[in-house]
Colleague: 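Just passing along the structure, written as structure tokens.
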Amino acid sequence: MRDKLRESFDERNVLFYLLVVFAGGVSAVATSFGIYATSSEFLVTSMNSILLDLLPGSFISYVIQSFGNFALGVSMLASGVFLSLVIGVLVLAGYVASSRLVPEFRSPVGFIAGVVLVSAFGFAVVGNLVAVVAPAVAGAAVTVALLELARVDKSEEVSKTRRSFVRAVGAVGAYNVVAHLAGLFRRSRTQRSERQLQETAELRRAETLLGDAREQELDFDGITGLVSDIDEFYRVDINPSPPRVDSDGWTLSVTGEVADESEFDLTDLQSETTRHRFMTLRCLGDGIEDDQMDTALWTGCSVTDVLERAEPEGDHVMMHAVDDYFYSVPLDYLDDAMLVWGMNARELPQDHGYPVRVILPDRWGKLNVKWIEEIEVTHERGTGYWEERGWEGMGTVNTVTKVGRISRPEDGVIRVGGHAYAGKRGVQEVQVSIDGGGHWESATLSGELPHDDTWRQWMYEWEGTQESYDFLARAVDGDGNVQTVEERDPLPDGATGWVSRTVRGNV
Ligand SMILES: Nc1nc2c(c(=O)[nH]1)N[C@H]1C(S)=C(S)[C@@H](COP(=O)(O)O)O[C@H]1N2
Ligand SMILES: [Mo]
């Protein structure tokens with residue numbers, strides 16, 4: 001190492017300049033870290049939030065997927081290296097310019113030029129001049145000092161100059177170690193902005209997923225997309241006015257048959273691995289002709305990841321909500337359930353359970369407890385809010401097909417479409433009949449969302465030459481089961497039967 005250094009010093013080659021530039025740049029970044037740790041005043045933190053705005057969402061998703069929990073560290077390192085190079089080059093440019101313009105004063109003028117250039121650049125990144133002066137001073141001082149030391153003075157021996165240069169590089173190294181330690185030491189207090197960065201990145205990832213979902217949709221104006229708008233997402237509340245929960249005071253307790261009763265606040269949950277999942281919700285009370293079924297992209301963490309921290313010893317859980325709503329489910333119902341705080345790349349709205357609700361795939365909407373505050377592990381199976389009021393429906397969801405809209409896109413053509421849903425079984429086909437069930441045809445299906453337990457859109461068109469049509473639609477689930485014709489009311493176990501319409505023809 002030392003020999004390499006000497007060689008490059010003697011030759012003043014690319015490696016030498018790279019070293020000088022990098023030493024100054026790294027010292028500037030390290031000073032910023034030492035003072036501001038990972039708060040938003042830290043150069044690298046600011047650089048990362050700028051990059052999050054600029055980079056395409058698909059690239060951000062790719063980085064998060066490839067590096068998982070290390071994504072933030074990797075992006076910090078990459079930004080750090082980039083910033084160091086830019087800062088070092090700016091100081092070098094200032095120094096070179098002053099050596100040309102005012103050779104006698106090149107060192108003080110070069111230093112000042114370096115400070116000014118780096119401060120201007122830092123200000124563009126951080127948006128706060130005070131926060132970038134000290135780093136700029138450190139960066140300019142190091143690079144200018146090394147460049148000065150490296151000037152071979154005629155009166156001095158080369159070897160002596162060389163020695164002091166190597167020593168100076170050592171001092172810069174030591175300074176960097178100290179500054180980094182200072183930053184690491186303070187970091188616990190600045191983890192908030194680190195989390196914010198991570199959340200922004202996850203938001204961009206969710207937006208990308210939503211964008212990809214749109215591409216799977218059918219081109220049919222007037223039917224709900226594959227993802228419902230939050231404002232149009234159905235709501236079922238046991239109270240006329242749903243609770244308003246403040247996330248600051250909110251915690252989730254895990255109690256009952258556990259080795260270690262635990263309490264988690266929102267930040268604790270958000271430091272678990274973040275997951276995004278499309279999922280359809282349908283209320284058990286939803287009739288064939290009703291509209292209590294919708295789909296969203298949910299962002300949160302795995303329930304089991306959180307439960308495991310408390311080491312559950314029972315095999316059921318009772319979920320309790322702020323509004324006194326409650327449900328008991330077998331522990332294995334939670335296998336791929338989530339605790340979510342985000343919906344369609346936004347904060348979970350108050351009406352849908354803010355700050356945190358449960359998302360529980362393949363079952364009726366009622367098990368997706370909103371405003372959750374306690375998960376109590378039990379040995380025995382308990383009941384639930386709707387069980388105590390005569391409802392059943394603890395099993396998987398029924399297959400359903402809905403008509404969303406009938407339109408006449410061009411002369412003579414009749415177009416009917418809507419959604420079909422079969423929980424985790426998925427929908428492989430929607431069949432329609434326009435003669436009251438004598439003859440069946442396949443409808444056109446939308447693409448699928450990337451996760452199971454989601455609905456699909458369907459659409460069917462024909463030339464409407466008759467006076468009227470007896471229209472029927474039914475779905476075939478992923479296991480090949482045809483949706484049952486038997487008509488049942490929602491109470492107690494969920495509605496069944498085909499959807500039907502009398503459609504006027506074009507004569
Ligand atoms: N705490 C609480 N959770 C709840 C409910 C409720 O009233 N209170 N309603 C349930 C029912 S019956 C359904 S269908 C879904 C509806 O969720 P949404 O209002 O977000 O669409 O939430 C379930 N979770
Ligand atoms: Mo429901």
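A quick note: this is a predicted structure, and the numbers were derived from the prediction, not measured. The first residue of the sequence shown is numbered 1, and numbering continues consecutively from there. In each ligand, atom 1 is the first atom listed, and ligand 1 is the first ligand listed.
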Colleague: Under 4.0 Å, heavy-atom basis, I'd like to know which part of F233 is in contact with ligand 1: side chain, backbone, both or neither.
Modeller: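 Side chain only; the backbone of F233 stays clear of ligand 1.
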Colleague: Are R363 and Y333 in a cation-pi setup, meaning NZ or CZ lies under 6.0 angstrom from the ring centre and within 45 degrees of the ring axis?
Modeller: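 Yes; both conditions hold, so R363 lies above the ring face of Y333.
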Colleague: Going by distance only, is there an N or O of D351 that falls short of 3.5 Å from an N or O of ligand 1?
Modeller: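 No: no nitrogen or oxygen of D351 is under 3.5 Å from one in ligand 1.
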Colleague: Checking side-chain polar atoms at under 3.5 Å, does E232 have a donor or acceptor matched by the opposite partner on T224?
Modeller: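 No, no side-chain donor-acceptor pair sits under 3.5 Å.
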Colleague: Show the atoms of ligand 1 that are less than 4.0 angstrom away from any heavy atom in C283.
Modeller: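 Per the distance check, 14 (S).
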Colleague: Identify the protein heavy atom lying closest to atom 11 (C) of ligand 1, giving its residue, its atom name and the separation to 0.1 Å.
Modeller: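 Of every protein heavy atom, K366 CA, 3.6 Å lies nearest to atom 11 (C) of ligand 1.
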Colleague: Taking the six-membered ring of W440, is NZ or CZ of R474 closer than 6.0 Å to its centre and within 45° of its axis?
Modeller: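 Yes, a cation-pi geometry.
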Colleague: Could you tell me whether some N/O pair between W371 and ligand 1 is separated by less than 3.5 angstrom?
Modeller: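 No.
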Colleague: Can a donor-acceptor pair be found, under 3.5 Å and without considering hydrogens, that links the side chain of K370 to the backbone of A321?
Modeller: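 Flag not set: sc K370 to bb A321 has no pair under 3.5 Å.
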Colleague: D336 and R277: salt bridge (Lys or Arg N to Asp or Glu O under 4.0 Å), yes or no, with the steps?
Modeller: CA-CA 10 Å; D336 59 354; R277 186 197 211 289; 3.8 Å; yes
Colleague: Taking the non-hydrogen atoms of W386, is any one of them nearer than 4.0 angstrom to ligand 1?
Modeller: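 Judged by the 4.0 Å heavy-atom criterion, W386 does count as contacting ligand 1.
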Colleague: Between I238 and ligand 1, is there a nitrogen or oxygen pair with a distance under 3.5 Å?
Modeller: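 Yes.
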Colleague: Suppose we measure from atom 4 (C) of ligand 1 to each protein heavy atom; which comes out shortest, and what is that distance?
Modeller: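 Ranked first by proximity to atom 4 (C) of ligand 1 is Y325 CE2, 3.5 Å.
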Colleague: Can you see whether R195 engages T267 through a side-chain donor-acceptor pair at a distance of less than 3.5 angstrom?
Modeller: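 The answer is no; no qualifying pair exists.
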Colleague: For atom 14 (S) of ligand 1, find the nearest protein heavy atom and state the residue, atom name and distance (0.1 Å precision).
Modeller: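 Here the nearest protein heavy atom works out to Y234 OH, 3.3 Å.
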Colleague: For E374 and T255, does a side-chain donor sit closer than 3.5 Å to a side-chain acceptor?
Modeller: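 Present: a donor and an acceptor within the cut-off.
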Colleague: Judged by non-hydrogen atoms, does R357 sit under 4.0 Å from ligand 1?
Modeller: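 Right, R357 reaches ligand 1.
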Colleague: Looking only at distances, please establish whether an N/O atom of ligand 1 is found under 3.5 Å from an N/O atom of D323.
Modeller: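 Checking ligand 1 against D323, an N or O pair does fall under 3.5 Å apart.
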Colleague: Does R389 make a cation-pi contact with Y385 (under 6.0 Å, within 45 degrees of the axis)?
Modeller: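 Yes, cation above the ring, under 6.0 Å and within 45°.
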Colleague: Tell me, which protein residue and heavy-atom name are nearest atom 19 (O) of ligand 1, and how many Å apart are they?
Modeller: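 For atom 19 (O) of ligand 1, the nearest protein heavy atom comes out as K370 NZ, 2.5 Å.
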Colleague: Provide the number and element of each atom of ligand 1 under 4.0 Å from a heavy atom of A321.
Modeller: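 Those qualifying, in numeric order: 1 (N).
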Colleague: Heavy-atom contacts with N368 under 4.0 Å: which atoms of ligand 1 show up? List them by number with element.
Modeller: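 Close to N368: 22 (O), 23 (C), 24 (N).
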Colleague: Which one of I230, V236, L348 has a non-hydrogen atom at the shortest distance from atom 5 (C) of ligand 1?
Modeller: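 Closest candidate by heavy-atom distance is V236.
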Colleague: Quick one about S433 and D435 (side-chain donor to acceptor, distance below 3.5 Å, no hydrogens or angles considered), yes or no?
Modeller: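 On atom types as modelled, these side chains qualify, holding a pair under 3.5 Å.
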Colleague: For R214, is there an ion pair with E217 - N to carboxylate O distance below 4.0 angstrom?
Modeller: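 Salt bridge absent between E217 and R214.
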